[in-house]
Amino acid sequence: MGGVGEPGGGPAQLGATLPTFRWEQIRPHNLPGDKWLVIERRVYDISRWAQRHPGGSRLIGHHGAEDATDAFHAFHQDLNFVRKFLQPLLIGELAPEEPSQDGPQNAQLIEDFRALRQAVEDMKLFEAKPTFFAFLLGHILAMEMLAWLVIYLLGPGWVPSTLAALILAVSQAQSWCLQHDLGHTSIFRKSRWNHVAQQFVMGQLKGFSAHWWNFRHFQHHAKPNIFHKDPDVTVAPVFLLGESSVEYGKKKRRYLPYNHQHLYFFLIGPPLLTLVNFEVENLAYMLVCMQWMDLLWAASFYARFLFSYIPFYGVPGALFLFVAVRVLESHWFVWITQMNHIPKEIGHEKHRDWASSQLAATCNVEPSVFLDWFSGHLNFQIEHHLFPTMPRHNYRRVAPLVKALCAKHGLSYEVKPFLTALVDIIGSLKKSGNMWLEAYLHQ
């Protein structure tokens with residue numbers, strides 16, 4: 001074994017003895033343009049390569065100076081293929097006396113979680129059922145056709161239009177779920193097929209960019225509920241969540257009446273997220289990042305929608321129908337995706353191990369046949385976050401194993417009734433608002 005390595009030594013030569021590093025040497029390399037990370041006790045310098053990372057430089061950069069072994073396994077299907085890209089970035093390995101993780105992490109929990117993952121792989125729970133996902137796509141297309149037939153057969157009156165809008169909103173919600181499956185490469189064995197199918201579902205069926213969604217969503221999975229790393233909770237100054245409430249209060253920041261945010265949430269949260277925030281953010285991403293193929297796919301959605309409904313409503317009426325569908329869809333998106341996260345711990349980076357960080361930020365909602373379908377199995381957020389590439393039809397099978405792991409290590413495995421989970425969103429916003437007010441008034 002070679003001596004302790006010196007920073008900046010460059011990539012290790014194939015067959016050469018690897019330099020060894022201590023964690024104290026690795027920790028400083030978590031700066032823009034200077035990123036190291038550890039995978040399976042090997043040290044990689046990703047500083048220059050991060051911009052070419054398929055998941056984006058932010059995603060991989062969030063693990064700077066950390067042990068990213070479990071994240072590496074969680075996000076990638078074909079590990080041997082990905083390791084080929086890592087080899088030129090290899091600069092050394094952890095010194096033999098160094099622990100595999102930096103900081104006060106539970107080594108036994110990490111070992112047990114990795115054993116669980118291996119058991120899940122042996123049970124073939126990462127293998128998808130083609131008929132399950134074919135049915136999902138089929139019923140989305142059927143709803144799109146049904147909505148059009150309602151207007152075609154019954155006319156553009158208020159009752160048929162309301163019914164068509166509801167059907168389209170459900171279709172849009174289920175399209176979110178299906179593209180989410182594809183984005184996590186949990187349907188096809190080859191990543192390329194998942195990406196192509198996701199572009200179709202996200203683009204033609206929804207009018208959004210698959211690359212934009214993956215860019216923001218993978219960060220959420222890497223560091224859930226962590227400020228400045230998870231886009232889903234970086235919502236200040238509109239809403240204050242978790243630790244940001246006290247910070248804003250102490251700094252006497254009052255851009256909005258945050259002690260009433262649980263009330264104005266109903267006005268600007270569920271109604272406008274998809275219609276306003278996502279539409280603007282999505283378009284800006286496609287233009288700035290020059291995702292022209294995604295832009296074409298999105299344009300095909302709008303062309304199809306307008307050509308389908310302008311003959312019945314004219315341009316103003318078709319646009320009004322589109323807005324109505326987006327608003328209804330937005331309600332579904334906010335309540336369903338946030339019932340498992342907003343009431344949980346939200347704050348700054350704690351540098352936890354993979355299992356602990358995911359469990360701290362997620363909870364489950366009691367399953368049922370209807371809720372499993374309606375939520376796209378996002379009521380199993382714990383299992384989904386621990387194993388993001390697992391096909392969702394296998395969450396029920398892995399759930400007892402995850403629950404046993406949590407019981408062994410004294411970790412919370414929280415399961416709520418559906419209505420309780422929804423109410424807890426409002427309760428969490430109210431609690432954060434009161435924390436802000438208390439800090440704001442304190443002298």
Side-chain angles (χ1 to χ4, degrees), residues 23 26-27 29-30 35-47 49-87 89-90 93-94 99-103 105-107 109-118 120-121 126 180 183-186 191 194 214-233 341 345 348-362 381-390 398 402 405 411:
W23 278 111
I26 297 171
R27 286 187 208 115
H29 296 276
N30 187 25
K35 295 279 186 182
W36 291 10
L37 54 77
V38 177
I39 298 175
E40 297 167 343
R41 295 190 62 85
R42 295 200 158 196
V43 183
Y44 298 91
D45 183 351
I46 63 167
S47 304
W49 183 80
Q51 293 295 334
R52 291 183 287 162
H53 180 240
S57 60
R58 290 189 188 180
L59 172 62
I60 195 170
H62 290 338
H63 295 283
E66 291 183 354
D67 172 42
T69 301
D70 292 311
F72 176 73
H73 284 259
F75 283 115
H76 302 104
Q77 283 184 317
D78 190 343
L79 298 181
N80 292 328
F81 175 76
V82 179
R83 286 191 182 100
K84 296 177 182 178
F85 295 91
L86 285 176
Q87 183 59 41
L89 311 177
L90 179 65
E93 60 185 3
L94 287 174
S100 296
Q101 296 81 32
D102 188 23
Q105 297 186 13
N106 187 336
L109 169 61
I110 294 171
E111 181 181 340
D112 288 347
F113 174 73
R114 292 175 182 175
L116 171 60
R117 182 177 179 88
Q118 184 59 56
V120 168
E121 291 176 358
F126 287 97
H180 176 251
H184 281 296
T185 65
S186 62
S191 296
N194 285 287
N214 293 340
F215 169 76
R216 76 186 322 273
H217 189 63
F218 292 167
Q219 293 182 73
H220 161 70
H221 271 272
K223 297 290 182 177
N225 285 13
I226 301 298
F227 291 138
H228 310 301
K229 294 187 176 182
D230 179 358
D232 289 0
V233 297
H341 292 301
E345 179 184 320
H348 295 286
E349 178 67 84
K350 303 294 191 301
H351 298 288
R352 295 184 172 111
D353 63 86
W354 176 263
S356 296
S357 66
Q358 304 300 327
L359 286 163
T362 56
Q381 280 283 7
I382 293 175
E383 288 71 25
H384 172 56
H385 267 255
L386 290 174
F387 308 107
T389 61
M390 178 181 289
V398 76
V402 173
L405 176 72
L411 298 171

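For the single chain, residues carry numbers from 1 onward in sequence order.
Val120 is listed as a side-chain neighbour of Leu116, based on a closest heavy-atom distance under 4.5 Å. Taking 4.5 Å as the limit, every side-chain heavy atom of Asp353 sits out of range of all side-chain heavy atoms of Asp70. Put simply, the side chain of Met390 does not reach to within 4.5 Å of the side chain of Glu383, judged on heavy atoms. Side-chain atoms of Glu66 and Gln101, non-hydrogen and from C-beta on, never get closer than 4.5 Å to each other. Between Trp23 and Leu94 the shortest side-chain heavy-atom distance falls below 4.5 Å. The shortest distance between side-chain heavy atoms of Val38 and Ile26 falls below 4.5 Å. Residues Leu386 and Thr362 have side chains not in contact (no heavy-atom distance under 4.5 Å, counting atoms from C-beta outward). A 4.5 Å side-chain heavy-atom check between Phe218 and Pro388 finds every atom pair outside the cut-off.
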Original post:
Could you go step by step and tell me if Val233 and Ile226 meet the side-chain contact (heavy atoms from CB on, under 4.5 Å) rule?
Top reply: CA-CA 7 Å; Val233 297; Ile226 301 298; over 6 Å; no
Subject >> His73 and Gln118: CA distance, side-chain angles, deciding distance, side-chain hydrogen bond (donor to acceptor under 3.5 Å, both in side chains) verdict >> reply: CA-CA 11 Å; His73 284 259; Gln118 184 59 56; over 6 Å; no
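Between Arg83 and Asn80, the shortest heavy-atom distance links the atoms NH1-OD1, 3.2 Å. The minimum heavy-atom distance between Ile60 and Ala50, with the atom names listed, is CG2-CB, 4.0 Å. Among all heavy-atom pairs drawn from His348 and Lys350, the shortest one is O-NZ, 3.0 Å. The two residues Lys35 and Asp45 come nearest to each other via the heavy atoms O-OD1, 3.3 Å. Heavy-atom minimum distance, Asn194 versus Gln77: ND2-OE1, 4.4 Å.
Here the OG-CG distance, from Ser356 to Leu109, works out to 4.5 Å after rounding to the nearest 0.5 Å. In this structure, CD on Gln105 lies 13.0 Å from CH2 on Trp354, to the nearest 0.5 angstrom. Atom CD1 of Ile110 and atom CZ of Arg352 lie 13.0 Å apart (nearest 0.5 Å). One distance of note links CD of Glu345 with CG of Asn225; it measures 8.0 Å at 0.5 Å rounding. Note that CZ of Arg42 is 12.5 Å distant from CG of Leu89, once rounded to the nearest 0.5 Å. Interatomic distance, CG of Leu86 versus CH2 of Trp49, reported as 6.5 Å (0.5 Å rounding).
The ring-ring contact (aromatic ring centres under 6.0 Å, His included) with His184 is formed by just one residue from the set His384, His76, His385; it is His384. A side-chain hydrogen bond (donor to acceptor under 3.5 Å, both in side chains) with Asp230 holds for exactly one of His220, His217, Gln219, Arg216; it is His220.
Heavy atoms from other residues, nucleotides or ligands lying under 6.0 Å from CZ of Arg41 number more than 12.
Checking side-chain atoms of Thr69 against main-chain N and O of Glu40 turns up a donor-acceptor pair under 3.5 Å.
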